[in-house]
Amino acid sequence: METLTLYAVRYLRKDVGVAIIVLIALALGALLRAQTENRLTVFQAQDAPIRLAYPATWGSVEALQNVVLKAQDPQTASAFKTTLTIEARDLDPQNPPTLQQFLDRRVAQRSELTGYHFLASQPETVGGAKAMRWEYAYTVQPIDQPRRASLPVVVHAIESIVVGKETVFFITLVAPENDFDSARARFAQILQTVTIQ
């Protein structure tokens, strides 16, 4: 019994020292993670008057369609990755469409997606410009290869149609349904950084 008491007293300082070092290491790790996750990449389009910041952990990827920016979150826990896309179209200065007309066109385009479902729309302001935000959902087969087993993914999308002086921007964020709540919060932060020249 005395041996156990002697052992406990003898190593108590060392155990406390190790515990303090572990706690400091965990705190520093949490601080480093927070700094990494909150770091932003500033994007300035060369051919379009738009600037915004998105998470630095996201990577720019090649797009099949003509877009200004396509960035993905590689840490999305799904075969379908959360993606931010910006499209830009020149406005007709003589007869510019209204926000409602832009929305109607986008809804018609997206209605061709598999399992498409319109969810909501509302006017807003982005970067000091008039905008329309709308949400929709659809399904996608993220791994479309023969004999590869993969379940379809329900995708939730949110898009802001932003009308500038000479250009209309379609800023879209798509995410798997199970990741959409955090993606929506991230999209709101991204929209706060938008500057339209």
Side-chain angles (χ1 to χ4, degrees), residues 37-61 63-73 76 80-113 115-140 154-177 179-197:
E37 288 178 351
N38 292 329
R39 215 174 57 220
L40 299 173
T41 297
V42 176
F43 170 77
Q44 172 71 57
Q46 294 178 354
D47 301 336
I50 188 170
R51 180 180 183 190
L52 59 76
Y54 62 89
T57 55
W58 293 18
S60 181
V61 293
L64 297 177
Q65 62 216 53
N66 187 15
V67 297
V68 176
L69 170 71
K70 183 174 182 181
Q72 282 185 342
D73 180 4
T76 307
F80 184 91
K81 303 300 179 193
T82 298
T83 306
L84 173 70
T85 308
I86 302 174
E87 299 173 57
R89 305 283 184 269
D90 292 333
L91 286 173
D92 178 2
Q94 305 301 330
N95 189 21
T98 65
L99 276 171
Q100 187 61 48
Q101 289 172 323
F102 279 123
L103 176 61
D104 293 342
R105 290 177 190 172
R106 294 297 278 189
V107 168
Q109 290 171 355
R110 298 299 187 242
S111 65
E112 297 175 4
L113 294 168
Y116 167 82
H117 186 72
F118 179 89
L119 298 173
S121 68
Q122 66 182 35
E124 66 177 354
T125 301
V126 175
K130 291 189 300 183
M132 178 72 75
R133 179 183 299 185
W134 70 294
E135 293 184 36
Y136 58 98
Y138 61 99
T139 58
V140 68
V154 175
V155 176
H156 195 151
I158 186 168
E159 179 175 88
S160 284
I161 304 168
V162 186
V163 179
K165 293 177 184 173
E166 300 174 352
T167 311
V168 61
F169 299 97
F170 304 97
I171 306 170
T172 310
L173 184 114
V174 293
E177 183 182 31
D179 193 44
F180 185 73
D181 288 337
S182 62
R184 179 199 298 271
R186 189 63 74 153
F187 188 63
Q189 293 170 349
I190 292 169
L191 288 183
Q192 290 176 356
T193 68
V194 171
T195 304
I196 308 288
Q197 289 104 14

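Given the structure is predicted, the values throughout are model-derived calculations rather than measurements. Numbering starts at 1 and runs along the sequence shown.
L40 contributes atom CG, which lies 10.0 Å from atom CG of L52 (distance to the nearest 0.5 angstrom). In this structure, CD1 on I161 lies 5.0 Å from CG on L103, to the nearest 0.5 angstrom. Interatomic distance, K70 NZ to I86 CD1, rounded to the nearest 0.5 Å: 13.0 Å. To the nearest 0.5 Å, atom CZ of residue R133 and atom CD of residue E159 are 11.5 Å apart. Remark: R106 CZ to F170 CZ distance equals 5.0 Å, nearest 0.5 Å. I158 CD1 to T172 OG1: the interatomic distance, rounded to the nearest 0.5 Å, is 10.0 Å.
The shortest side-chain heavy-atom distance between F102 and P96 does not fall under the 4.5 Å cut-off. Using a 4.5 Å cut-off on side-chain heavy atoms (C-beta onward), P97 and R105 make contact.
Screening H117, R110, H156 for a side-chain hydrogen bond (donor to acceptor under 3.5 Å, both in side chains) with Y136, the sole residue that qualifies is R110. None of I190, D73, L84 except one satisfies the side-chain contact (heavy atoms from CB on, under 4.5 Å) rule with P55; the exception is I190.
A distance-only check finds no donor-acceptor pair linking the side chain of T82 to the backbone of T76 [under 3.5 Å].
The side-chain hydrogen bond (donor to acceptor under 3.5 Å, both in side chains) search around T83 returns Q72, not counting sequence neighbours. In this view, T85 satisfies the side-chain hydrogen bond (donor to acceptor under 3.5 Å, both in side chains) rule with no residue, not counting sequence neighbours. R184 pairs by the salt bridge (charged side-chain N to carboxylate O under 4.0 Å, His left out) definition with E135, not counting sequence neighbours. Annotation: side-chain hydrogen bond (donor to acceptor under 3.5 Å, both in side chains) contacts of S160 (sequence neighbours excluded): E124. Residues satisfying the side chain to side chain contact (heavy atoms under 4.5 Å, CB included) criterion with V42, sequence neighbours excluded, are R51, A53. Not counting sequence neighbours, T193 has no partner by the side-chain hydrogen bond (donor to acceptor under 3.5 Å, both in side chains) test.
More than 12 non-hydrogen atoms from other residues, nucleotides or ligands lie less than 6.0 angstrom from CG of D92. Within a 6.0 Å sphere centred on CD of E166, heavy atoms belonging to other residues, nucleotides or ligands number 12 at most.
Across all their heavy atoms, I196 and V126 have their closest contact at CG1-O, 4.4 Å.
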